[in-house]
Visitor: 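Take this structure first; my questions come after.
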Amino acid sequence: MKSMTFRYTTEVVTQLSGDSYEAIYAQFLAIRNGQQVLPESALQTVLPMQGRRFFVGLEQHGLHEVCRLRGDFEQDIVANTPLLNPLARLPSDAMADWHFHAQ
């Protein structure tokens, strides 16, 4: 099965429950600091993407920036990920040289 990772800046609203407000706050801090995973009982809402920075990764091949999100798989994903497009990892001056040698 294939996997994709998306990274972008957004706001998240999280609602936690507990025996006291102090316990809930301690739980939130533990989650924020990576010391505890979000419990299944938590309610979480992820709001729409903020800003223009957007990264995508295929499988375990790292994240690659998509400079402009167009809503098209070929332009957004294929053009920007080396796993699907070997030219995505080359600098622009090397691409012209590659086309010359590839023909």
Side-chain angles (χ1 to χ4, degrees):
M1 176 168 283
K2 299 191 180 296
S3 69
M4 292 177 74
T5 301
F6 301 94
R7 181 177 177 184
Y8 53 91
T9 302
T10 188
E11 287 187 42
V12 175
V13 178
T14 303
Q15 182 179 348
L16 301 170
S17 302
D19 295 331
S20 69
Y21 294 124
E22 186 176 359
I24 294 168
Y25 183 66
Q27 182 181 31
F28 167 73
L29 291 177
I31 293 167
R32 191 195 91 192
N33 294 329
Q35 300 164 338
Q36 178 181 333
V37 297
L38 194 67
E40 288 185 27
S41 62
L43 299 175
Q44 195 166 55
T45 303
V46 178
L47 300 174
M49 187 168 90
Q50 296 177 344
R52 296 184 177 260
R53 294 199 74 183
F54 173 72
F55 298 85
V56 65
L58 303 178
E59 309 307 328
Q60 302 298 320
H61 293 274
L63 295 173
H64 303 278
E65 186 168 7
V66 176
C67 295
R68 185 172 155 215
L69 190 60
R70 295 175 180 93
D72 179 79
F73 180 77
E74 292 290 327
Q75 291 179 343
D76 295 342
I77 308 303
V78 174
N80 292 291
T81 53
L83 183 64
L84 299 176
N85 178 6
L87 298 180
R89 76 177 84 198
L90 298 173
S92 58
D93 58 337
M95 279 195 242
D97 190 44
W98 186 88
H99 283 295
F100 176 77
H101 293 296
Q103 294 178 355

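All heavy atoms count here, side chains included; hydrogens, waters and symmetry mates do not. All figures in this text were calculated on a predicted structure; none of them were measured in a lab.
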Visitor: Kindly write out the residues that satisfy salt bridge (charged side-chain N to carboxylate O under 4.0 Å, His left out) with E65, not counting sequence neighbours, or none if the list is empty.
Guide: R53
Visitor: For residues F55 and M4: do they belong to one hydrophobic cluster (side chain heavy atoms under 4.5 Å, members Ile, Leu, Val, Met, Phe, Trp, Tyr)?
Guide: no
Visitor: If you draw a 6.0 Å radius around CG in N33, do more than 12 non-hydrogen atoms from other residues or ligands fall strictly inside?
Guide: yes
Visitor: Is there any salt bridge (Lys or Arg N to Asp or Glu O under 4.0 Å) pair reaching into residues 72-82, and which pairs are they, with sequence neighbours excluded?
Guide: none
Visitor: Just checking Q50: does its CD atom have more than 12 heavy atoms from other residues, nucleotides or ligands closer to it than 6.0 angstrom?
Guide: yes
Visitor: Taking all non-hydrogen atoms of both residues, which atom of G62 and which atom of H64 are closest, and how far apart?
Guide: O-CD2, 3.7 Å
Visitor: Between L29 and Y25, does the side chain to side chain contact (heavy atoms under 4.5 Å, CB included) criterion hold? Intermediate values first, please.
Guide: CA-CA 6 Å; L29 291 177; Y25 183 66; 3.3 Å; yes
Visitor: Is V12 reachable from F54 through a run of hydrophobic residues whose side-chain heavy atoms are each under 4.5 Å from the next?
Guide: yes
Visitor: In terms of heavy-atom contacts, does CZ of F73 have more than 12 from other residues, nucleotides or ligands at under 6.0 Å?
Guide: yes
Visitor: Applying the 4.5 Å side-chain criterion to the ILVMFWY set and letting contacts propagate, would L63 and V66 be lumped into a single cluster?
Guide: no
Visitor: Taking all non-hydrogen atoms of both residues into account, name the closest pair between K2 and E59 and its distance.
Guide: CA-OE2, 3.2 Å
Visitor: Do L69 and I77 land in one hydrophobic cluster if side-chain heavy atoms of ILVMFWY residues count as linked below 4.5 Å?
Guide: yes
Visitor: Which heavy atom of Q75 sits nearest to which heavy atom of R70, and what is that distance?
Guide: OE1-CD, 2.7 Å
Visitor: Could you walk me through whether I31 and L16 pass the side chain to side chain contact (heavy atoms under 4.5 Å, CB included) check?
Guide: CA-CA 11 Å; I31 293 167; L16 301 170; 4.1 Å; yes
Visitor: Would a distance-only check, ignoring hydrogens and angles, find a side-chain to backbone donor-acceptor pair under 3.5 Å from T10 to L47?
Guide: yes
Visitor: Sub-3.5 Å donor-acceptor pair from the side chain of T14 to the main-chain atoms of Q44, do we have one?
Guide: no
Visitor: Can you list the residues that meet the side chain to side chain donor-acceptor pair (under 3.5 Å) rule with S17, with sequence neighbours excluded?
Guide: none
Visitor: Rounded to the nearest 0.5 Å, how far apart are CG of N80 and CZ of R68?
Guide: 12.0 Å
